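Just so it is clear: chains get the letters A, B, ... in the order the sequence lines come, proteins before strands, and each one is counted from 1. The shown structure was predicted, so the numbers you read here are calculated from the model rather than taken from an experiment.
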Amino acid sequence: MAEVVKEVNALSPDEQRRLLEEEYAWLLERRRRRAEEEKRLPPLPAAERGKVVTRFAPNPDFVLHIGNARAAVLSYEYARMYEGRMILRFEDTDPRTKQPMPEAYELIREDLRWLGIRWDEEYVQSLRMEVFYDVARKLIERGGAYVDTEPPEKFREYRDSGNLARYPPRLRSPEENLELWDRMLEGHFGEGEAVLRVKTDPAHPDPSVRDWVACRIIDTSKTPHPIVGDRYIVWPTYNFAAAVDDHLMGVTHILRAREHAQNTVKQQFLYSHLGWRYPVVITFGRLKLEGMIMSKSALRRLAEERGVRLDDPRLATLRALRRRGIDPEAVRRLILDVGVKQTDASISYVNLASVNRSIVDGRARRVMAAIDPVPMLVEGLPWERKEFEVPYHPSVDLGSRRLEVPGPTATLYVSRSDARALRPGDVVRLMEAFNVEVVEVRGDRVVARFHSLSLEEARRRGAPIIQWVPASDAVPVEVHVPEGFELRVDRGLAEPAAAELKVGEVVQLVRYGFARVDAVLRGEDGRVEKLVMVYAHD
RNA sequence: GCCGCGGUAGUAUAGCCCGGCCAAGUAUGCGGGCCUUUCAAGCCCGUGACCCGGGUUCAAAUCCCGGCCGCGGCACCA
């Protein structure tokens, strides 16, 4: 075996490829087949082409993070796979404990568009209150719900002692309940004084399922809703609103995270009262980025109390990933790769980086920068002035730029980490340009002498190849590198062509890593004074 | 505590429903090599896993039972 490996390794890549194609085509074929299979999501149960309706139903209390994106991407991909429709529905029926964030509606739309998700219909639940009231009334008429005017402790007492079937409010007639319901709507009750409960199995093994609350009173004069203000005081709970809307909107398949699994059970009671058919539910686990804060409330606290921006690159929000130079396609691929298992998935950033690299590599221009720059004085250059034309990418045609080096002496900059490794007598190649021999290394300064021009010469001597920056027109650059919850800032000088970079572009700083241009700061004369970048990955 | 859902290499995932083709596939990571004006990409080789214990069976990652561990729910939150 080892010999065979040696033999194959001795061949050039072209020869290897040819051999593979000619003699072992079946191997390639098998590999191709597998690669195709892996991209696909498992089929959706009971799905008919053209009839699938999915929904993504976020609470607009914060922007989306990668965990939320899982539900969004899966809902969208399945709808697309079956040529169906996807609905975006804002679930903002709690103006008290989960106060919606007024900007979040639009920020979430932005996040979704960034992910490449297009929805066919959009609803805001706080604008559909009358719809919920109508269904509630119908439910009461059918004897499927009752108004409970007892204090919560009383209810719990009956529920937990197995006497729920004999709970007095539960025994009320639909007529009585309708009357109480109207009183609720009219404002006769204050917060906590009355709720509407759905009748379930009073002996259900899960106590939380027993006669769950469909509507409660929220005093919106104290906590107004950002969209409808204090117009309503009776508010549907999540379970009621979501269940009603899923039916009314014709949702056929619900893709929901595991924390909602119990809710399916609750909602089914409502459906059976109303004679509705419950959609197919697919439950999946949580998706988190290793070592990153994923809890919405914790993120929100950071934003509100510590003034952390919603797109701070240390966060796991979608806009933070975008700012780091992560392509939406990478997020999508990762989510599809993780699939719909019920187990939680904890993805490492390295993994996301790898997917992103494969997307971004072919279109990221290569730019040289000296991080923590150290001047290198080069003497004995056999020219007055010389230009090197350097392509922006080693194998893809992304254009090129010129680098100018004066003579017979010139000052350049190299990275400190490279300078530190230099010893007098070493020959080193300045990438894409020429070779120098180190004369002396003294503290913050390297003196070198022109050695030769050709790459072959550098190869022959096993000279290291390092990136460099001409001293004139070098562009100061600052790279923000998230490290856990810290943010390291690397400072350096980039080659003059970096002044042409546009905000949002992802480039590869040669031998350093991929980074996204976050800001281009200009002086009064329009010259670029500084480039701020955010580090993506190596 | 009660209810529910899970446990395949460091991570993620395929296989489990319909037991044998699985001495377990893939991606990423890690180690080595080739290639290459980048420590990027590409190519080759290697590394590494069926939670534990019983049972059923000619045969179990796959079925059954028990245990352990993890996660979720137990709100007038979503």
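As rounded to the nearest Å, B:A9 and B:C5 have C1' atoms that lie 24 Å from one another. The C1' atoms of B:G7 and B:A61 are separated by 12 Å, rounded to the nearest whole Å. The same atom, P, is picked in B:C34 and in B:G25; the two are 27 Å apart, to the nearest Å. If you take atom C1' in B:G15 and the same atom in B:G54, they sit 25 Å apart, rounded to whole Å. Taking atom P on both nucleotides, B:C44 is separated from B:G53 by 38 Å, rounded to a whole Å. Here, B:U56 and B:C64 have their P atoms 15 Å apart, quoted to the whole Å. Spacing of C1' atoms, B:G31 relative to B:G48, comes out at 12 Å, to the nearest Å. Spacing of C1' atoms, B:C69 relative to B:C52, comes out at 10 Å, to the nearest Å.
Base engagement by A:Pro394 is indicated by at least one non-hydrogen atom pair under 4.0 Å involving a base atom. Residue contacts shown for A:Arg96 are limited to sugar-phosphate atoms, with no base heavy atom under 4.0 Å away. Nucleic acid contact for A:His260: base, since at least one base atom lies under 4.0 Å from a heavy atom of the residue. When heavy atoms are screened at a 4.0 angstrom cut-off, A:Ala345 is found touching the sugar-phosphate backbone but no base atom. Using a 4.0 Å heavy-atom criterion, one finds that A:Gly192 contacts the bases of the nucleic acid, with or without backbone contacts as well. Contact annotation for A:Val195: base contact, defined as any heavy-atom pair under 4.0 Å involving a base atom. Here A:Asp418 lies in heavy-atom contact (under 4.0 Å) with a base. Residue contacts shown for A:Glu91 are limited to sugar-phosphate atoms, with no base heavy atom under 4.0 Å away. Within the nucleic acid shown, A:Thr93 comes within 4.0 Å of sugar-phosphate atoms alone, with no base atom in reach, counting heavy atoms only. Within 4.0 Å of A:Ile347, counting heavy atoms only, lie sugar-phosphate atoms of the nucleic acid but no base atom. Nucleic acid contact for A:Tyr512: none, since no nucleic acid atom lies under 4.0 Å from a heavy atom of the residue.
Between the CD1 atom of A:Ile359 and the P atom of B:U28 there is a distance of 13 Å, rounded to whole Å. Rounded to whole Å, the distance from CZ on A:Arg459 to P on B:C34 is 13 Å. Remark: P of B:A40 and CG of A:Asn356 are 16 Å apart, rounded to the nearest angstrom. Between the CG atom of A:Asn263 and the C1' atom of B:G4 there is a distance of 12 Å, rounded to whole Å. Put simply, CG on A:Leu352 is 22 Å from P on B:G10, counting in whole angstrom units. One interatomic measurement links the two molecules: CD of A:Gln262 to C1' of B:A75, which rounds to 14 Å at whole-angstrom precision. B:U38 atom P lies 10 Å from atom CZ of A:Arg429, rounded to whole Å. Rounded to whole Å, the distance from CG on A:Asn351 to P on B:G29 is 8 Å.
In the set B:U37, B:G73, B:C76, the nucleotide with an atom closest to the side chain of A:Arg216 is B:C76. For A:Asp361, the listed nucleotide lying nearest its side chain is B:A40; candidates were B:A40, B:C77, B:G73. Across B:A40, B:C76, B:U37, the shortest atom-to-atom separation from the side chain of A:Phe514 is found for B:A40. In this structure, the nucleotide among B:A41, B:G7, B:U37 sitting nearest to the side chain of A:Thr343 is B:G7. Side-chain proximity of A:Arg286 to B:U13, B:A78, B:G72: nearest is B:G72. Side-chain atoms of A:Ile465 lie closest to B:U38 of the nucleotides B:A78, B:A75, B:U38. Taking the side chain of A:Asp344 as heavy atoms from C-beta on, and the options B:C71, B:U38, B:A75, the nearest nucleotide is B:C71.
A 3.5 Å limit on both hydrogen-bonding distances identifies B:G55 as the Watson-Crick or G-U partner of B:C63. The nucleotide B:G42 finds its pairing partner in B:C34, both defining distances of the Watson-Crick or G-U wobble pair being shorter than 3.5 Å. The partner of B:C22 cannot be assigned: no Watson-Crick or G-U wobble pair with both contacts below 3.5 Å exists in any strand. Across every strand in view, B:C17 sits unpaired, with no contact that passes the Watson-Crick or G-U test at under 3.5 angstrom. B:U47 and B:G29 make up a base pair, with Watson-Crick or G-U wobble contacts both under 3.5 Å. Shown here, B:C74 forms a base pair with B:G1; the pair counts as Watson-Crick or G-U wobble because both key distances fall under 3.5 Å. Base pairing of B:G6 is made with B:C69, judged by Watson-Crick or G-U wobble geometry with both donor-acceptor distances under 3.5 Å.
In this structure, A:Tyr105 contributes its side chain and A:Pro100 its backbone to no donor-acceptor pair below 3.5 Å. The backbone N or O of A:Met294 sits less than 3.5 Å from a side-chain atom of A:His65, completing a donor-acceptor pair.
In this structure, A:Gln268 CD and A:Lys266 NZ are separated by 13.0 Å, a value rounded to the nearest 0.5 Å.
The nearest heavy atom of RNA chain B to A:Ser346 and to A:Gln342 marks one nucleotide each, and the one closer to the 5' end goes with A:Gln342. Nearer to the 5' terminus of RNA chain B, by closest-nucleotide assignment, is the contact made by A:Val350 (compared with the other of A:Arg357 and A:Val350).
Evaluation of atom-type donor-acceptor distances gives no pair under 3.5 Å for the side chain of A:Glu290 against the base of B:U11.
Of the options A:Asn59, A:Asp245, A:Asp92, a side chain to side chain donor-acceptor pair (under 3.5 Å) to A:Gln125 is made by A:Asp245 and by none of the others.
Defined by atom type and a distance below 3.5 Å, a donor-acceptor pair is missing between the side-chain atoms of A:Asp490 and A:Tyr535.
Ring-plane geometry between A:Trp468 and A:Phe434 is classed as tilted, the angle between the planes lying from 30 to 60 degrees on a 0 to 90 degree scale. Between A:Tyr167 and A:Tyr158, the two ring planes are tilted [angle within 30° to 60°].
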Working for side-chain contact (heavy atoms from CB on, under 4.5 Å), residues A:Met249 and A:Arg55: CA-CA 9 Å; A:Met249 295 171 186; A:Arg55 46 73 159 180; over 6 Å; no
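Shown here is A:Arg286, whose CZ atom has no more than 12 heavy atoms of other residues, nucleotides or ligands within 6.0 Å.
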